[in-house]
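Naming convention: chains lettered A, B, ... in sequence-line order (proteins, then strands); numbering from 1 in each chain.
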Number of protein chains: 2
Amino acid sequence: MENVTIRMLAEKLQLSTATISKALNNSHEISEETRKRVQELAKELNYVPNPYASSLRKKSSKTIAVVIPEVADSFFAEAINGIEAVAKEKGYHVLIYLTHENSQQEQAILNDFQSGRVDGILISVTMETAASEHGLAHLSKELPIVFFDRVCEELPTARVTTNDKEAAFIATRHLIERGCRNIGLLAASQQLSIIRQRISGYEKALKEAGLPLSPNAVTYYTNDTVGNYKKVCETLRQHRFDGIIATTEKLATSVYEACETLGIRMPDELKVVGFSNLSTARFLQPSLTTVAQPAFEMGKTAATLLFRSLKNNHFPLAHQQVEIPSQLVIRQSTAV
Amino acid sequence: MENVTIRMLAEKLQLSTATISKALNNSHEISEETRKRVQELAKELNYVPNPYASSLRKKSSKTIAVVIPEVADSFFAEAINGIEAVAKEKGYHVLIYLTHENSQQEQAILNDFQSGRVDGILISVTMETAASEHGLAHLSKELPIVFFDRVCEELPTARVTTNDKEAAFIATRHLIERGCRNIGLLAASQQLSIIRQRISGYEKALKEAGLPLSPNAVTYYTNDTVGNYKKVCETLRQHRFDGIIATTEKLATSVYEACETLGIRMPDELKVVGFSNLSTARFLQPSLTTVAQPAFEMGKTAATLLFRSLKNNHFPLAHQQVEIPSQLVIRQSTAV
DNA sequence: CATAGTTACTTAATCGGTTAAGTAAATAAA
DNA sequence: TTTATTTACTTAACCGATTAAGTAACTATG
């Protein structure tokens, strides 16, 4: 069975393809009667317009790209959820690209977008991404781009983040209030601005409490899960921290694993706060005090900004810097 | 700056667009020298072919669709991971569609694929989906479709599942071995064949052990998280089970929540096995005995089958019924 | 009544590639 | 030497929609 095309409808109704197209798009040039006839036949034959034909002609694809490091992370999964909700509402399609924290892969993906494959981009960059080396700057002149969570601060375009600095500040202060005096921070990457923000909030809290900032209290991690785990073990063994801020979900999990291995008792010997959206945080042993990021909301907001810019070319994307607050959810991992 | 097109390359090199196209596609009709010149200029100008133009002409989009109920579920997130790995390798693009367990939304999404938007479909159907009412049967004649996990057994096309019946059998037997005599099963939906399989494995284990199959030991749930939680509470209160099989990740989590609320002690009063890919299962309180499904592998396998069929039209998709075994990971939630 | 405007269409160009068919020149075969 | 074949291109049609420009019939305006 051939696909139903506009031409087939035109032949059946003895009209031109132009008329069919206009009738389907509710053009005022077409009489009420003809429009009805066309739309009824279209429905009857289950006509679905060829998206590639219309994208080619209209130079718009009704498709956006979501570029993220991974999916198997509650934050990104929830963010996709939020993005998809808005996209569906606006009749847009969502292409997903995973960078696996590799900035070269990211680069290759972004390069493909030169082609006009997508109308806009939502991106959370890799841990390796340095804005300078990046084609992002160039691409952002051609296409609307909205950063969410892992942003490039250098680029003048929309950003949706959470209050990373303040959240880390509050989390650190919470640990201090719970008696911690030697607090370590597990940082995902030096490159990421959100991590730098979190570190800065952490440092501010230490300073305010008059606590020293010991030289190796902040440790950095990569994309290598096994390596990270080993490094967490090493860090915990060497430093004898009484408090830990884990800046990613995976690092928080690694702390549980490391404590099990090293026989460190949470929360008695070590209190932990994790930046995490794990739905199971409250059922962990001990339940995990989290900085719960508004992942769904962030995805939704980022998508909304993007669509606003797609609808209105003059929408000042570059001036959109939305910050949605996280919430510290206190549980047993920081109990006294 | 205008997008670089094949025509621009043609003008710069004083060649026809046909030559450019062939040179870029390494056609043997083009001399080595010309091909090099073309490819070098293309690289220099960062030419990226317009995917919509070539899709329109070639009637193939190098794009596949992944249709799933949700992303914020470890199983689906990992499955996407596996799918994406294969798609990236093959140079395909991945469109993600969420049905939110709503078969009408699913239907609408599938209907769109009549247009040739995608070359193939990977789908895990909603809890509501009944194969009969479904356009899937019709669509599967036009496009290669591979089911993964939540399959429609009625349709003659490829299916990738795990050994649901056997896994449930083993899980149930495990509970019996651990002393359970009154085991309940929390089922996601009557419609889903994988759930029917799991129920059947569960019943088989009961039968083999000579245990009665009490009438309301199997309870059914919907998409309503809050409603489900209430129903789990109700079920646990009424039946005084000593063992539970939770057939989805969310239901497993609900059991933890319900136990907390009702003051039921796991594993002493209630032993629990969950079908789940939660990375945190081992850190839960108590750690959760799981039927760990090979989510990544299933995604990868499903995608591989799809691409095989895309490459070779004669590949007998309908005869591909792959089963990848799950593993029972025994933890504290079923300890004696 | 002549002209302008509106209505409801059609014709044809276009988007940017791909590809069947055509061609001129060079090379090989008869 | 003539014909056939190969090489390396070009021309033009095509994919299926959208849309600028054109047109015939009818209506309104001065």
- Nearest-Å distance for atom pair CZ/P, residues B:R57 and D:dA12: 16 Å
- Message: Quick check on the helix from C:dC1-D:dG30 to C:dA30-D:dT1: what's the angle between its two end axes, five base pairs per end, to the nearest 10°?
- Response: 50°
- For the residue pair A:Y52 and B:Y52, does the interplanar ring angle fall in the parallel (under 30°), tilted (30 to 60°) or perpendicular (over 60°) class? parallel
- Item | A:T301 versus A:T304, side-chain donor and acceptor atoms under 3.5 Å | no
- Message: Rounding to an integer number of Å, can you tell me how far A:E11 CD sits from D:dG16 P?
- Response: 12 Å
- Check the distance between D:dA17's P and B:L56's CG and give it to me in whole angstrom. 9 Å
- Message: Within this structure, what is the NZ-NE2 distance for the pair A:K88 and A:H93, rounded to the nearest 0.5 Å?
- Response: 10.5 Å
- Starting at CD of A:Q114 and ending at P of C:dG17, how long is that distance when rounded to a whole Å? 13 Å
- Message: Taking the ring centre of each residue, are A:F307 and A:F315 less than 6.0 Å apart?
- Response: no
- Where is the tightest heavy-atom contact between A:L306 and A:P144, given as atom of each residue plus distance? CD1-O, 3.5 Å
- Which whole-number value in Å describes the distance from A:H28 NE2 to D:dT19 P? 12 Å
- Message: For a quick test of reading the model, state the closest non-hydrogen atom pair linking A:S189 to A:M127 and the distance between them.
- Response: OG-O, 2.9 Å
- Task: Please report the closest heavy-atom contact between B:D149 and B:T161, naming both atoms and the distance.
- Result: O-CG2, 3.7 Å
- Between C:dA8 atom C1' and A:E33 atom CD, what is the distance in whole Å? 11 Å
- Task: Under 4.0 Å from any atom of DNA chain C, heavy atoms only: list the residues of residues 39-52 of chain B that qualify, in numerical order.
- Result: B:Y47, B:P49, B:N50
Restricting both atoms to N or O, compile the protein contacts to nucleotides 9-12 of chain C shorter than 3.5 Å, with distance only.
{"from": "C:dC9", "atom 1": "OP1", "to": "A:T34", "atom 2": "OG1", "distance (Å)": "3.4"}
{"from": "C:dC9", "atom 1": "OP2", "to": "A:S31", "atom 2": "N", "distance (Å)": "3.3"}
{"from": "C:dC9", "atom 1": "OP2", "to": "A:S31", "atom 2": "OG", "distance (Å)": "2.5"}
{"from": "C:dC9", "atom 1": "OP2", "to": "A:T34", "atom 2": "OG1", "distance (Å)": "2.6"}
{"from": "C:dC9", "atom 1": "N4", "to": "A:E29", "atom 2": "OE1", "distance (Å)": "2.6"}
{"from": "C:dT10", "atom 1": "OP1", "to": "A:S16", "atom 2": "N", "distance (Å)": "3.3"}
{"from": "C:dT10", "atom 1": "OP2", "to": "A:S16", "atom 2": "N", "distance (Å)": "2.9"}
{"from": "C:dT10", "atom 1": "OP2", "to": "A:S16", "atom 2": "OG", "distance (Å)": "2.7"}
{"from": "C:dT10", "atom 1": "OP2", "to": "A:T19", "atom 2": "OG1", "distance (Å)": "2.1"}
{"from": "C:dT10", "atom 1": "O4", "to": "A:K22", "atom 2": "NZ", "distance (Å)": "2.8"}

- Query: Can you name the closest pair of heavy atoms from A:L317 and A:I145 and give their distance?
  - Reply: CD1-O, 3.8 Å
- Just how far is it from atom OG1 of A:T129 to atom CD1 of A:I123, taken to the nearest 0.5 Å? 6.5 Å
- Message: Please report the distance, rounded to the nearest Å, between CZ in A:R37 and P in C:dA8.
- Response: 14 Å
- Message: Just N and O in the side chain of A:N3: are any of them under 4.0 Å from OP1 or OP2 of D:dG16?
- Response: no
- Do you know the tightest heavy-atom contact between A:K12 and A:L41? CB-CD2, 3.8 Å
- Query: Whole Å only: how far is the CE atom of B:M8 from the P atom of C:dC15?
  - Reply: 13 Å
- Query: According to a strict under-4.0 Å criterion, is B:K59 in side-chain N/O contact with OP1 or OP2 of D:dG16?
  - Reply: yes
- Message: Once you apply a heavy-atom cut-off of 4.0 Å, does A:S21 come out as touching a base, just sugar-phosphate, or nothing?
- Response: base
- Query: Does a donor on one side chain and an acceptor on the other come within less than 3.5 Å for B:N50 and B:N3?
  - Reply: no
